[in-house]
Amino acid sequence: MTSSAMSTRRRLVAVLIVVALILAGFVARLVDIQVVRAESLVADSLEKMGGSSTIYAPRGNIVDSNGAVLASSIAQFEITTSPKDVKAFDRKDGKKTVKISVEQAIAEIAAVLAVDPATLQAKIDDALAKNKDAAYALLAEKVSYDQFAKIRAMNVPWLYIRQTFGRVYPNGAVAGNIVGFVGADNQGQAGMELSAEQCLEGTDGRQQFQQSKDRVPLPGTTETVTEAKPGGTLKLTLDKDLNWTLQQLVASQVADTKAEYGIAMVTEVKTGKIRAIAEAPSVDPGNVDGTPAEFRGSRAFQVPFEPGSIFKPLTAAMLVDAGLADHNTQVVAPYRYHPKNGASIKDALPHEDERLTMSGVLQQSSNTGLSILGEKMPDEQRYEYLKKFGIGQSTDIKFPGQSSGVLHPVDKWDNQTKYVTMFGQGLSTTAVQMAQIYQGIANDGVMKPLELVEGCSYPDGTVTDAPAKTEGERILSASAAKETIGMMETVVTDGFLADQLRMPGYRVAAKSGTGEQFVDGQLQTTFVASMAGMFPADDPQYVVTVHLKSPLTYRSSAAAAPLFKEIVAQVIKKYGIPPSTTTPPGWKGTY
């Protein structure tokens, strides 16, 4: 072999060795990429090219006892942008391609959103001022579907739109103080929206997708990772139509009497279900800022007051139940009464000594007469009755900020308190507590836990939060309850407000009250005018309670009487209650 051939062979071997080395390097690199680091490289790739977003779950509805919607969720949209990517872009216009400037695009978006273009531009500029590579700025939220559709049709490449849910209240202020409202984050802030958050709140889902380098999701790559679960439907015991009617009546009487506020309730006797809670002023959950802060909650649950004379039937009921008196028990009631312990009791207006029965004491709303009769019962025994009635205790209804009222321990009663607690002073209750007490009297002496919620139902058929079935607690004997109702019926037939309360054809039992209010132990110039009662008196079906804070045109319970009577009439019409076929007991008020 010549030297030239040998040289050629050596060069060929060298080339082959180099090629082999290069191939070996490629193989090693492929093994590293496809085997050794495959999983981490794929993950890195997905992280760079992949994206994810929240699938918002709609908040559950709040409905009345008939299924009428009081609160619901609607689809809304949130529009964001990547400030660093905001620039002019091309848009197809038929067969032409048109260059759209940033100013034009922002002007078009602003026109749809009905905002100043400068406002949108400022949001973009502010984001870039903080970070020149800013990839997020919120331009608008709570965007309607129509606005969303128009903006989507603009095909602006640096806009991103995602669906959220907003809260609407189709019946406005109807039961607004009870329904409550949500905040900007769609979380409950007041009322049942807050207390039933666990029922109403949905569980958001998650979706992932691949995206282009400018973070635009690629069509057909979206995959749901976790399904969104809607919130449950909260069903209340309230009747929307009845609540609407009561709100109109209460608002009208508040205006006519120039009262600070008013509350009216209708409670079903046999079940304890609250069919209406009307408050004025009331809040429209869809326009919370339109109502002063102090009226956005529910005063029926949250504001205690000294009930005054609507408390007198409780004292009479205790005496009857304990066998210490009956409707015909006689007493001489002076204008002023000075018990041996040094207390001082007087009636509302001066009068000569009156010879009254206990029925007459309720008819004339005599503080002195009731105080003398009440002396028959030891303080400790009366205190136990008050606790049994639920005074000083919150109701079983889960309502945010509910007040328990105040009942001081009996060993803390001073000489005056020993007497004034007989007629609703020296202690405090809420409107809801008074409705519950009257329900107990009306229900043959068995107090049922009041109900505001029927239950929470979910899309899969599961029902939670249904009230426990209970027979209730006996607070009075059936005979004592009936006798108390009979005495209250004489208030309607023969009391000083009888002309304003009688309802031809129907037997109604009721008691008026004018509760002076004490703050920090000092008597204030304010008072609460109230009426509370049940009907038909021979077989009570409904309890109606009315409270007006400090009416100016009638500075007595006379302010509440017309409202009470009108509500009774509305309930009779609403539920088709037939006229009474029996006659009142006709018990005498004097002897």
Side-chain angles (χ1 to χ4, degrees), residues 306-317 319-320 324-377 415-426 484 486-502 509-518 523-533 550-551 553-562 564 584-591:
E306 300 195 42
S309 294
I310 58 171
F311 211 77
K312 287 173 180 171
L314 279 65
T315 300
L319 294 171
V320 175
L324 299 175
D326 61 25
H327 70 275
N328 200 41
T329 299
Q330 299 173 349
V331 62
V332 175
Y335 166 56
R336 292 185 181 274
Y337 176 54
H338 298 285
K340 294 179 181 179
N341 72 354
S344 178
I345 310 298
K346 69 181 182 68
D347 283 340
L349 298 173
H351 61 79
E352 299 295 330
D353 288 357
E354 296 178 325
R355 299 164 63 86
L356 303 175
T357 63
M358 190 155 70
S359 295
V361 166
L362 295 188
Q363 289 174 28
Q364 301 306 316
S365 203
S366 173
N367 296 335
T368 60
L370 191 69
S371 296
I372 295 169
L373 292 173
E375 289 176 336
K376 297 174 179 288
M377 178 175 285
N415 290 340
Q416 192 74 5
T417 302
K418 292 174 185 289
Y419 284 87
V420 297
T421 48
M422 296 182 193
F423 45 88
Q425 304 283 180
T484 302
M487 287 188 284
M488 292 171 62
E489 190 172 4
T490 70
V491 172
V492 175
T493 58
D494 300 300
F496 67 93
L497 290 175
D499 290 342
Q500 297 185 53
L501 294 174
R502 292 193 196 99
K511 182 69 186 79
S512 60
T514 307
E516 297 173 313
Q517 302 304 296
F518 285 76
L523 179 64
Q524 303 296 299
T525 57
T526 62
F527 65 97
V528 174
S530 301
M531 285 293 303
S550 298
T553 56
Y554 296 95
R555 297 190 60 80
S556 72
S557 54
F564 174 86
W587 294 335
K588 300 295 185 182
T590 58
Y591 66 94

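Basis for what follows: all heavy atoms, side chains included, without hydrogens, waters or symmetry-related copies.
- Scored by the side chain to side chain contact (heavy atoms under 4.5 Å, CB included) test, Ala348 finds no partners at all (sequence neighbours excluded).
- Rounding to the nearest 0.5 angstrom, the gap separating the CG atom in Leu362 from the CE atom in Met488 is 8.0 Å.
- Checked by atom type and distance alone, the side chain of Thr315 pairs as donor or acceptor with a backbone atom of Met422 at under 3.5 Å.
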Let me have the donor-acceptor pairs involving side chains of residues 326-334, under 3.5 Å, with sequence neighbours excluded, atom names and distances please.
from, atom 1, to, atom 2, distance (Å)
Asp326, OD1, Asn328, N, 2.8
Asp326, OD1, Thr329, N, 3.0
Asp326, OD1, Thr329, OG1, 3.2
His327, ND1, Glu483, OE2, 2.7
Thr329, OG1, Asp326, N, 2.7
Thr329, OG1, Asp326, O, 3.3

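- Judged as a side chain to side chain donor-acceptor pair (under 3.5 Å), and not counting sequence neighbours, Ser556 has no contacts.
- Counting heavy atoms from C-beta on, the side chains of Glu306 and Val420 never come closer than 4.5 Å.
- Side-chain contact between Gln425 and Tyr419 is absent, with no heavy-atom pair separated by less than 4.5 Å.
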- Task: Show your reasoning for whether side chain to side chain contact (heavy atoms under 4.5 Å, CB included) applies to Ser365 and Phe423.
- Result: CA-CA 9 Å; Ser365 203; Phe423 45 88; over 6 Å; no
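- The nearest pair of heavy atoms linking Leu349 to Tyr335 is O-CD1, 3.2 Å.
- Contact record, Thr417 with Gly426: CG2-O, 4.5 Å, taken as the closest heavy-atom pair.
- The two residues Ala316 and Met487 have their closest heavy-atom pair at CB-CE, 3.9 Å.
- Considering every non-hydrogen atom in both Ser344 and Pro339, the closest pair reads N-CD, 4.4 Å.
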- What do the steps show when you test Ile345 against Gln416 for side chain to side chain contact (heavy atoms under 4.5 Å, CB included), and what is the final call? CA-CA 8 Å; Ile345 310 298; Gln416 192 74 5; 3.8 Å; yes
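- Evaluation of the side chain to side chain contact (heavy atoms under 4.5 Å, CB included) rule for Lys588 yields no partner, not counting sequence neighbours.
- Atom OG1 of residue Thr368 and atom CG of residue Leu373 lie 9.5 Å apart, to the nearest 0.5 angstrom.
- When side chains are defined from C-beta on, Tyr337 counts as touching Ile372, because their heavy atoms get closer than 4.5 Å.
- For the pair Ser557 and Phe496, the minimum side-chain heavy-atom distance is below 4.5 Å.
- Interatomic distance, Glu375 CD to Asn341 CG, rounded to the nearest 0.5 Å: 8.0 Å.
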- Task: Starting from the C-alpha separation in whole Å, work towards a yes-or-no answer on side chain to side chain contact (heavy atoms under 4.5 Å, CB included) for Asp347 and Gln364.
- Result: CA-CA 10 Å; Asp347 283 340; Gln364 301 306 316; over 6 Å; no
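- The shortest non-hydrogen separation linking Glu516 to Phe527 is CA-CB, 4.1 Å.
- By the side chain to side chain contact (heavy atoms under 4.5 Å, CB included) test, Ala532 is found to be paired with Ile310, Tyr438, Thr545, residues two or more places apart in sequence or in another chain being considered.
- The side-chain hydrogen bond (donor to acceptor under 3.5 Å, both in side chains) pairs that include a residue from residues 487-500 are Gln363-Thr490, Glu489-Arg507, Asp499-Arg502, where partners are two or more places apart or lie in different chains.
- If you take NE2 on His351 and CG on Asp353, they are separated by 8.0 Å, rounding to the nearest 0.5 Å.
- Closest heavy-atom contact between Ser512 and Leu497: CB-CD1, 3.8 Å.
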